[in-house]
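Predicted model, so just to flag it, every value in this text is computed and none were measured.
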Amino acid sequence: PESWWILGSHRTFGSTGEFQHNSLLCNPSGQVQEGFVQMQHPRSSEQFQLGNVYKEKLQALHAKYEEFGKTQHDKHLVVSHMAFGYLANAYGFEQLGIMGVSPDAEPTPERMADIVAFIKEHNVKAIFSEELVSPKLANAIAAETGVKVYVLNPAEGLTEEQAQKNVTYLDIMEENLKTLKEALAH
């Protein structure tokens, strides 16, 4: 797929044309180095070294997610919309989206009933909403099922506060891992 760099995080179009996030985390190969070198910046040697440092950090984060995925027994992620496909696939989770791929799509009453039944049948402990997306439907399902709503960040954008604090992709993914561990430990 065609790839490019945005704010230090790698984005691709998936095979079905959907915008995929978290692909760097799931495939921390030499792409980081190559991306910096391909910029043809006059300081490409320095950029190459920064790429090596960033690649090592991504690999360490990837190892943390791998370990969590291997040791986690509850593999069901009920999410507000299907923004975490790469993460779910890479680490052995099953993602069930309330709103499907689009965060603006409204689920049918049948879909809502199916999700409630799924949560009860599989003893799901958490629903994951996202920053920058309304948690209204996730909260409604949580109220009906008695589970808690947690917030994950799909690294689509930063809040104004995050931008002012220079939050990075790595920071976001570390926080997501912390949230997943807390939510799925119950």
Side-chain angles (χ1 to χ4, degrees), residues 3 5-12 14 18-33 35 50-99 101 103 118-119 122-135 138-139 141-142 145 147-186:
S3 305
W5 297 89
I6 300 175
L7 301 175
S9 91
H10 187 255
R11 314 278 178 114
T12 64
E18 73 278 10
F19 198 58
Q20 297 285 342
H21 309 282
N22 307 333
S23 57
L24 259 182
L25 180 62
C26 298
N27 187 16
S29 66
Q31 294 172 353
V32 174
Q33 291 177 338
L50 290 173
N52 280 335
V53 170
Y54 193 65
K55 178 182 172 183
E56 289 171 10
K57 289 178 181 180
L58 285 169
Q59 288 173 328
L61 182 61
H62 173 66
K64 290 178 188 178
Y65 269 88
E66 270 190 325
E67 180 63 26
F68 175 65
K70 288 177 185 174
T71 59
Q72 182 60 40
H73 298 293
D74 182 1
K75 298 288 191 170
H76 301 293
L77 300 180
V78 176
V79 296
S80 55
H81 92 277
M82 309 257 298
F84 301 97
Y86 272 129
L87 187 142
N89 291 336
Y91 305 112
F93 290 91
E94 178 184 344
Q95 174 184 230
L96 176 66
I98 296 170
M99 298 179 274
V101 176
F118 180 89
I119 289 170
H122 293 93
N123 198 28
V124 172
K125 305 285 191 240
I127 297 174
F128 298 96
S129 187
E130 324 170 14
E131 291 184 16
L132 310 176
V133 173
S134 171
N139 288 338
I141 291 174
T145 58
V147 302
K148 186 174 176 183
V149 176
Y150 292 83
V151 177
L152 294 176
N153 187 332
E156 294 176 326
L158 299 175
T159 65
E160 190 173 321
E161 181 182 344
Q162 290 168 327
Q164 289 174 354
K165 291 181 178 179
N166 293 320
V167 172
T168 68
Y169 175 81
L170 292 168
D171 297 331
I172 289 169
M173 297 311 293
E174 286 280 1
E175 187 63 29
N176 282 346
L177 181 58
K178 179 180 168 187
T179 300
L180 285 165
K181 287 178 176 181
E182 177 186 340
L184 298 177
H186 294 103

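- Residues passing the salt bridge (Lys or Arg N to Asp or Glu O under 4.0 Å) test with Lys64 are Glu174, sequence neighbours excluded.
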Take Leu77 and Leu180 through the test side chain to side chain contact (heavy atoms under 4.5 Å, CB included) and record every step on the way to the result.
-> CA-CA 9 Å; Leu77 300 180; Leu180 285 165; 4.0 Å; yes
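- Between Val133 and Ser80, the shortest heavy-atom distance links the atoms CG1-OG, 4.5 Å.
- Counting only heavy atoms from C-beta outward, the side chains of Phe68 and Leu184 approach each other to under 4.5 Å.
- Scanning for side chain to side chain contact (heavy atoms under 4.5 Å, CB included) contacts around Asn89 gives an empty result, with sequence neighbours left out.
- Atom CG of Leu152 is separated from atom CD of Glu175 by 9.5 Å, given to the nearest 0.5 angstrom.
- Contact check for Gln95 versus Leu87: no side-chain heavy atoms found under the 4.5 Å cut-off.
- Take Val151 and apply the side chain to side chain contact (heavy atoms under 4.5 Å, CB included) test, not counting sequence neighbours, and it matches Glu131.
- For the pair Asn176 (side chain) and Asn153 (backbone), a donor-acceptor distance under 3.5 Å is present.
- Scanning all heavy atoms of the two residues, the minimum distance from Pro154 to Phe84 falls at CA-CE2, 3.7 Å.
- Applying the side chain to side chain contact (heavy atoms under 4.5 Å, CB included) test to Glu66 and every residue at least two apart in sequence or in another chain returns His62, Tyr91.
- With sequence neighbours excluded, no residue forms a side-chain hydrogen bond (donor to acceptor under 3.5 Å, both in side chains) with Ser129.
- When side chains are defined from C-beta on, Ile141 does not count as touching Val149, because their heavy atoms never get closer than 4.5 Å.
- The CG atom of Leu61 sits 6.0 Å away from atom CG of Leu170, with the distance rounded to the nearest 0.5 Å.
- Under the rule for a side-chain hydrogen bond (donor to acceptor under 3.5 Å, both in side chains), the partners of Asn123 that lie at least two apart in sequence or sit in another chain are Lys125.
- The backbone N or O of Ala90 lies less than 3.5 Å from no partner atom in the side chain of Tyr65, so there is not a single donor-acceptor pair.
- Taking Phe118 as the reference, His76, His122 meet the ring-ring contact (aromatic ring centres under 6.0 Å, His included) condition, with sequence neighbours excluded.
- Qualifying salt bridge (Lys or Arg N to Asp or Glu O under 4.0 Å) partners for Lys165, counting only residues two or more places apart in sequence or in other chains: Glu161.
- Looking only at atom types and distance, the side chain of Asp171 has a donor-acceptor partner in the side chain of Thr168 under 3.5 Å away.
- In terms of heavy-atom proximity, Phe93 sits nearest to Asp74 at CE2-O, 3.7 Å.
- In terms of the side chain to side chain contact (heavy atoms under 4.5 Å, CB included) criterion, residue partners of Glu160 (sequence neighbours excluded) are, by chain and number, Gln164.
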